[in-house]
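Structure first, commentary second.
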Amino acid sequence: MKKNIFSLIFLLTSFVFSAQQIEIAPVYLKTDYFRYRENYGMELFYNFNLDKHKLGFGFSYVWNKDPYSFKYFSSADGREYLNSVNPDNKLLTFSMYFGYNLFKKWKNAGLYIGPLFGLSYFYIHEDTQQTDQENNETYNFIDEKVISHRPSMALRMEFEKNLTKSISVFSAFEPGMLLYQPPGMLCVITPDRVLFYNMKVGLRVNLK
């Protein structure tokens with residue numbers, strides 16, 4: 001018990017006395033889910049430098065307003081419909097990552113790789129025009145819903161370059177997968193999982 005307490009105290013102390021930094025970056029997110037094909041937004045992270053490695057906590061916020069369309073076959077009436085959609089969809093993700101520095105001997109740069117874990121919230125708002133392909137009748141409706149607590153995991157690869165003692169720039173690439181709905185649930189247009197990748201170039205400011 002005492003050993004565990006001392007380990008916890010040591011861990012908390014290492015966080016307090018480690019170098020810390022704020023990270024901000026524009027984000028491009030690409031997925032294989034039709035509601036969120038191409039997304040743009042921002043991220044904000046708070047990082048700890050641990051013996052030249054990194055531990056970060058933060059969030060990203062992206063949106064998608066690109067129109068799309070798809071055909072839908074209704075088992076209720078046996079007809080095929082064409083849905084033309086104008087979305088205003090948003091995605092909020094809280095994340096934690098650890099970056100292992102592959103070249104610790106570099107003084108003014110770092111090459112990091114490590115896992116990134118996220119919890120996502122989908123805010124879906126879509127104006128849809130549905131056309132009956134058989135008689136060309138159209139119907140308009142709005143689809144609004146929130147999909148919460150969707151876990152994700154990615155591999156984060158980044159390069160960081162120090163410009164001064166307090167400012168650095170970085171670029172990162174994060175391919176990963178998100179679990180959108182529990183396995184075994186049947187839905188024609190909703191996937192079980194979503195494959196994605198993030199790309200970003202941003203700025204970091206050292207706090208101490």
Side-chain angles (χ1 to χ4, degrees), residues 23-46 55-77 79-99 113-131 133 139-158 171-202:
E23 165 189 319
I24 187 170
V27 177
Y28 171 74
L29 169 64
K30 175 77 172 180
T31 83
D32 65 350
Y33 185 24
F34 62 88
R35 295 185 192 270
Y36 290 87
R37 291 289 187 189
E38 294 188 350
N39 312 268
Y40 302 89
M42 297 292 295
E43 76 165 19
L44 181 65
F45 266 76
Y46 193 91
L55 178 65
F57 302 89
F59 68 92
S60 64
Y61 180 76
V62 301
W63 55 87
N64 183 304
K65 295 186 178 183
D66 294 334
Y68 68 91
S69 62
F70 66 94
K71 290 184 177 181
Y72 171 68
F73 180 81
S74 174
S75 59
D77 57 16
R79 293 182 178 181
E80 186 177 59
Y81 296 89
L82 175 64
N83 285 10
S84 299
V85 183
N86 290 307
D88 185 14
N89 297 332
K90 302 174 179 65
L91 173 60
L92 175 65
T93 302
F94 296 95
S95 302
M96 177 186 75
Y97 82 93
F98 176 78
I113 187 170
L116 181 144
F117 303 97
L119 198 62
S120 296
Y121 299 80
F122 293 82
Y123 299 90
I124 297 172
H125 178 99
E126 297 182 333
D127 294 322
T128 301
Q129 182 183 75
Q130 187 176 79
T131 303
Q133 297 289 81
Y139 315 90
N140 295 288
F141 61 90
I142 295 177
D143 185 13
E144 287 186 308
K145 55 187 171 184
V146 177
I147 310 297
S148 302
H149 304 94
R150 294 303 187 258
S152 65
M153 185 172 67
L155 178 66
R156 178 170 175 134
M157 297 167 282
E158 73 167 64
S171 62
F173 179 69
E174 301 165 356
M177 181 178 72
L178 178 143
L179 299 180
Y180 192 77
Q181 68 175 359
M185 290 187 65
L186 298 178
C187 183
V188 176
I189 62 174
T190 302
D192 293 335
R193 55 98 186 105
V194 176
L195 299 179
F196 67 87
Y197 65 80
N198 287 314
M199 294 191 298
K200 61 198 75 173
V201 177

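Basis for what follows: all heavy atoms, side chains included, without hydrogens, waters or symmetry-related copies.
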Open item on the list: Nearest 0.5 angstrom please: Ser120 OG to Ile147 CD1, how far?
Closed with: 12.0 Å
TODO: Tell me, with the steps shown, if Leu119 and Tyr121 meet side-chain contact (heavy atoms from CB on, under 4.5 Å).
DONE: CA-CA 7 Å; Leu119 198 62; Tyr121 299 80; 3.8 Å; yes
Task: Nearest atoms (heavy-atom pairs only) where Val201 meets Ser171 - done: CG2-CB, 4.0 Å
TODO: Would you mind reporting whether Asn198 and Lys200 have side-chain heavy atoms less than 4.5 Å apart?
DONE: yes
Open item on the list: Show, in sequence, the C-alpha distance, side-chain angles and deciding distance for Leu29 and Leu91, and conclude whether the side-chain contact (heavy atoms from CB on, under 4.5 Å) test is met.
Closed with: CA-CA 10 Å; Leu29 169 64; Leu91 173 60; 3.7 Å; yes
Task: Partner set under salt bridge (Lys or Arg N to Asp or Glu O under 4.0 Å) for Glu158, not counting sequence neighbours - done: Arg156, Arg204
- [ ] Taking the side chain as every heavy atom from C-beta outward, state whether Tyr40 and Tyr28 have any pair of such atoms under 4.5 Å apart.
- [x] yes
Task: Heavy-atom side-chain contact between Asp32 and Val194 under 4.5 Å - done: yes
Task: ring pair (Phe, Tyr, Trp, His ring centres under 6.0 Å) evaluation trace for Phe196 with Tyr36 - done: CA-CA 10 Å; Phe196 67 87; Tyr36 290 87; over 10 Å; no
- [ ] Enter the distance from Tyr197:OH to Leu195:CG here, rounded to the nearest 0.5 Å.
- [x] 12.0 Å
Task: Close side-chain approach of Asp127 to Asn140, heavy-atom, < 4.5 Å - done: no
Task: Heavy-atom side-chain contact between Glu43 and Glu23 under 4.5 Å - done: yes
Task: Heavy-atom pair with the smallest gap, counting every atom of Phe45 and Ser95 - done: CZ-CB, 3.7 Å
- [ ] Take the angle between the ring planes of Phe70 and Tyr72 and call it parallel below 30°, perpendicular above 60°, tilted in between.
- [x] perpendicular
TODO: Give the minimum heavy-atom separation between Gly202 and Ala25, together with the two atoms involved.
DONE: CA-CB, 3.6 Å
Task: Reported OH-to-OH distance for the pair Tyr180 and Tyr33, which is rounded to 0.5 angstrom - done: 3.5 Å
Open item on the list: Are Arg150 and Phe122 packed together at the side-chain level, in the sense that at least one heavy-atom pair is separated by less than 4.5 angstrom?
Closed with: yes
TODO: Determine whether Lys30 and Met199 make a side-chain contact, defined as any pair of heavy atoms from C-beta on separated by less than 4.5 Å.
DONE: no
Open item on the list: As an exercise, state the distance from OG of Ser69 to CG of Asn86, rounded to the nearest 0.5 Å.
Closed with: 10.5 Å
- [ ] To the nearest 0.5 angstrom, please state how far the CG atom of Asn89 sits from the CD1 atom of Ile124.
- [x] 5.5 Å
TODO: Please indicate whether Met153 has more than 12 foreign heavy atoms, meaning atoms of other residues, nucleotides or ligands, lying under 6.0 Å from its CE.
DONE: no
Task: Spatial distance of atom CD (Glu126) from atom CZ (Arg35) [nearest 0.5 Å] - done: 4.5 Å
- [ ] State, yes or no, whether a side-chain contact exists between Ser84 and Thr131 at a heavy-atom distance under 4.5 Å.
- [x] no
TODO: Could you tell me which non-hydrogen atom of Leu116 sits nearest to which non-hydrogen atom of Glu174, and how far apart they are?
DONE: CD1-OE2, 3.7 Å
TODO: Taking all heavy atoms of Arg37 and all of Asn64, pick out the closest pair and write down the distance.
DONE: N-ND2, 3.5 Å
